[in-house]
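All residue numbers in this chain count up from 1 along the given sequence. From a predicted model like this one, the values you see are computed outputs, not experimental measurements. All heavy atoms count here, side chains included; hydrogens, waters and symmetry mates do not.
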Amino acid sequence: MSQPSLPPHHQPSHQPPQPRGVRRPPSRGWRSTPALKLIAGGVLAAALVSGCGSGDDDGGGGSGGSSKGAQAKTLGKVAMPKVGKEANTMGTWVTDSTFVKGDVNKLVGYSLDGAKSKWRIPLGGQLCWASPHMTEDGLTAILFRDGAGEDALCTKVGLVDLKKGELVWQKEGSDSEGNAGVQFDEVTIGGGTVAAGGTGGGGAWSLDGKPLWKPAYLADCDDDGYAGGDDKIVAIRSCDTEDSSTKRLEVQTVDPRTRDVKSSYKLDEKVEYAHVISTAPLVVAVDTGDSDAGTGTTDILTIDDSGKQGKLLSTIDVLAKGYQPNCPATSVEGCTELALDKASSTLYLSSEVDVDHGGPGERISGLNLKTGKETGKTKMAESRSLIPVQTDDDGSLIAYLGSMYSEAGGVVRVDPKTFAMDTLQTHPDDMKDVESDMDTYGDCTMIYTGKKLYIGDSRASRPSSDSAARPLAIVFGA
């Protein structure tokens with residue numbers, strides 16, 4: 001079986017990657033680690049979304065934007081909930097008629113401009129996870145706590161109809177011995193299946209709520225988590241080694257109805273965590289334990305899962321090249337600050353990072369997943385971050401241009417062949433501090449659709465003197 005050829009890196013730190021701070025004033029430093037694992041909320045089927053980030057150079061590559069683009073307005077703001085301590089508010093989705101945002105112990109649907117609430121779904125407990133995928137019918141999956149108290153656990157799996165504003169069903173996992181109340185860490189949806197995984201193993205349900213498989217009781221191998229989207233489910237399975245001090249990870253493409261293994265690929269024994277960027281093509285970000293850049297990733301692998309044994313197609317050395325995906329420390333899904341064009345097998349990543357201040361890069365590089373080679377890169381973004389958001393049907397890249405002291409942020413389109421940038425919209429100057437606050441203190445999801453940029457924060461926290469204006473979500477549009 002093919003094994004990834006992993007290059008030597010720095011000495012292992014064995015510390016979970018820290019969410020990266022923005023490179024505006026150095027005094028703001030790096031963001032603190034969230035109390036809960038966070039993930040970017042779902043978008044349209046094939047789009048990958050970006051986390052917030054803004055930065056503080058100049059260089060070669062594609063030409064800069066040809067114009068200022070449309071002057072956008074602030075269409076709507078969702079106020080930051082009043083909380084005594086930080087709370088998880090994961091989940092940011094946009095359907096054809098509704099902008100949906102995770103909130104404290106609930107989901108709320110808004111008009112597409114974010115100015116008016118349309119419905120709310122009370123959950124009775126804090127969100128633990130929100131799937132990054134949404135079906136064509138507007139269905140997604142969430143994981144939430146079994147109560148509002150301090151000792152509430154992440155045991156409730158729910159199927160949500162984002163178009164109707166309904167919690168279709170909620171289930172509580174039980175293991176193979178019938179023990180109820182299994183705790184999960186994350187949840188996804190794909191191939192007509194809702195699958196939840198974690199340190200206690202994995203379970204799944206059909207869209208009509210029928211149990212498909214359950215966590216094994218006291219097993220040597222467990223499903224740490226699943227990746228969905230399209231018609232696939234991919235599991236990251238961990239098995240005890242002989243000395244029981246480490247886990248050996250395997251990437252398994254499974255039947256969404258039965259969990260029968262269709263293809264498997266054993267990762268190098270150095271790999272401590274694996275994150276699935278895409279199920280089709282199968283792209284996996286791995287962390288060998290020596291990532292000190294806060295990205296959660298040392299290498300990106302493209303795997304051919306068409307046969308029973310998966311084959312490695314390419315390896316991208318993230319650490320050596322200085323690319324900046326942002327992957328959660330231990331979760332299977334949730335990588336942000338990247339975008340994938342499936343038609344051309346091109347992955348877009350931020351690069352050229354200011355090492356003194358951290359944060360996303362000031363230019364974007366394209367990489368061919370079949371060869372692992374760079375296809376081009378943009379011009380430097382002149383003292384501000386440049387973050388991939390998603391790709392269009394024509395293969396062009398949509399990216400967020402971060403705010404700076406003298407100017408608010410905006411949205412640009414990057415030509416996939418020349419890497420030239422054209423500005424689509426520029427945000428109001430009076431919002432640059434708000435954008436900066438969300439960049440620096442938030443953990444955000446971005447979605448660009450219908451000529452609007454949606455920015456949603458994955459956590460609610462008490463305002464500080466530096467972040468008093470920070471909303472939970474904001475919508476910019478012309």
Evaluate side-chain contact (heavy atoms from CB on, under 4.5 Å) for Tyr226 paired with Val332, printing each intermediate quantity in order.
-> CA-CA 6 Å; Tyr226 303 95; Val332 170; 5.9 Å; no
Going through the checks in order, is the side-chain contact (heavy atoms from CB on, under 4.5 Å) test met by Cys327 and Thr297?
-> CA-CA 7 Å; Cys327 294; Thr297 302; 3.3 Å; yes
Report the C-alpha distance between Arg384 and Tyr400 in whole Å, list the side-chain angles of each, state the deciding distance to 0.1 Å, and finish with yes or no for side-chain contact (heavy atoms from CB on, under 4.5 Å).
-> CA-CA 10 Å; Arg384 55 206 301 182; Tyr400 173 71; over 6 Å; no
For side-chain contact (heavy atoms from CB on, under 4.5 Å), just list the numbers for Tyr348 and Lys377, CA-CA rounded to whole Å, side-chain angles, deciding distance to a tenth of an Å, and then say yes or no.
-> CA-CA 9 Å; Tyr348 295 97; Lys377 55 188 176 183; over 6 Å; no
Can you list the steps and then say if Arg462 with Glu86 is a salt bridge (charged side-chain N to carboxylate O under 4.0 Å, His left out)?
-> CA-CA 7 Å; Arg462 295 174 63 181; Glu86 188 172 279; over 6 Å; no
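When atom types are taken as modelled, the side chain of Gln71 and the backbone of Thr426 share a donor-acceptor pair closer than 3.5 angstrom. Distance alone, capped at 3.5 Å, places no donor-acceptor pair between the Thr98 side chain and the Val100 backbone. With Lys73 contributing its side chain and Pro428 its backbone, the two residues share no donor-acceptor pair below 3.5 Å. Here the side chain of Thr74 pairs no donor or acceptor atom with the backbone of Gly76 at under 3.5 angstrom. Checking side-chain atoms of Ser385 against main-chain N and O of Gly361 turns up no donor-acceptor pair under 3.5 Å.
Side chains of Cys128 and Arg145 form a contact here, defined as non-hydrogen atoms less than 4.5 Å apart. For the pair Ile316/Tyr323, a side-chain contact is recorded, criterion being any heavy-atom separation below 4.5 Å from C-beta on. With a 4.5 Å cut-off on side-chain heavy atoms, Ser131 and Thr140 count as touching. Residues Asp230 and Lys342 have side chains in contact (heavy-atom distance under 4.5 Å, counting atoms from C-beta outward). For the pair Leu282/Val251, a side-chain contact is recorded, criterion being any heavy-atom separation below 4.5 Å from C-beta on. Using a 4.5 Å heavy-atom threshold, the side chains of Thr378 and Ile364 count as touching. You'll find the side chain of Tyr110 stays beyond 4.5 Å of the side chain of Lys118, heavy atoms only. Between Thr391 and Ile398, every side-chain heavy-atom pair lies at or beyond the 4.5 Å cut-off.
The side-chain hydrogen bond (donor to acceptor under 3.5 Å, both in side chains) check on Ser396 picks up Asp394, Arg413, with sequence neighbours excluded. Remark: Asn105 pairs with Gln126, Ala148 by the side chain to side chain contact (heavy atoms under 4.5 Å, CB included) rule, at least two apart or across chains. Lys232 pairs by the salt bridge (charged side-chain N to carboxylate O under 4.0 Å, His left out) definition with Asp305, not counting sequence neighbours. Partners of Ser344 by side-chain hydrogen bond (donor to acceptor under 3.5 Å, both in side chains), not counting sequence neighbours, listed by chain and number: Asp341, Thr346. The side chain to side chain contact (heavy atoms under 4.5 Å, CB included) search around Ile121 returns Leu107, Trp119, Leu123, Val160, Leu167, not counting sequence neighbours. With sequence neighbours excluded, the residues satisfying side chain to side chain contact (heavy atoms under 4.5 Å, CB included) with Ala478 are Ala70. Partners of Asp113 by side-chain hydrogen bond (donor to acceptor under 3.5 Å, both in side chains), not counting sequence neighbours, listed by chain and number: Ser111. Taking the side-chain hydrogen bond (donor to acceptor under 3.5 Å, both in side chains) definition, one finds that Lys417 meets it with nothing, sequence neighbours left out. Under the side chain to side chain contact (heavy atoms under 4.5 Å, CB included) criterion, Ala274 pairs with Ile236, Leu249, Leu267, Val284, Val286, sequence neighbours left out. Applying the salt bridge (charged side-chain N to carboxylate O under 4.0 Å, His left out) criterion to Asp457, with sequence neighbours excluded, gives Arg470.
Across all their heavy atoms, Leu386 and Ala381 have their closest contact at CB-CB, 4.1 Å. In terms of heavy atoms, Ile189 sits closest to His133 at CG2-O, 3.7 Å. Pairing each heavy atom of Leu349 with each of Pro325, the nearest pair is CD2-CB, 4.0 Å. Heavy atoms only, all atoms of each residue included: Ser351 and Ser365 are closest at OG-OG, 3.0 Å. Taking all atoms of both residues into account, the shortest heavy-atom contact from Pro281 to Leu340 is CD-CD2, 4.2 Å. In this structure, Glu333 and Gly228 approach most closely via the heavy-atom pair OE2-N, 3.2 Å.
The salt bridge (charged side-chain N to carboxylate O under 4.0 Å, His left out) contacts involving residues 148-162 comprise Lys85-Glu150, Lys156-Glu172, where partners must be two or more places apart or lie in separate chains. Annotation: ring-ring contact (aromatic ring centres under 6.0 Å, His included) contacts involving residues 459-478, sequence neighbours excluded, comprise His427-Phe476.
With rounding to the nearest 0.5 Å, the separation of OH in Tyr454 from OG1 in Thr92 is 11.5 Å. In this structure, Thr330 OG1 and Asp185 CG are separated by 6.5 Å, a value rounded to the nearest 0.5 Å. Interatomic distance, CE of Met421 versus CG of Asp415, reported as 11.5 Å (0.5 Å rounding).
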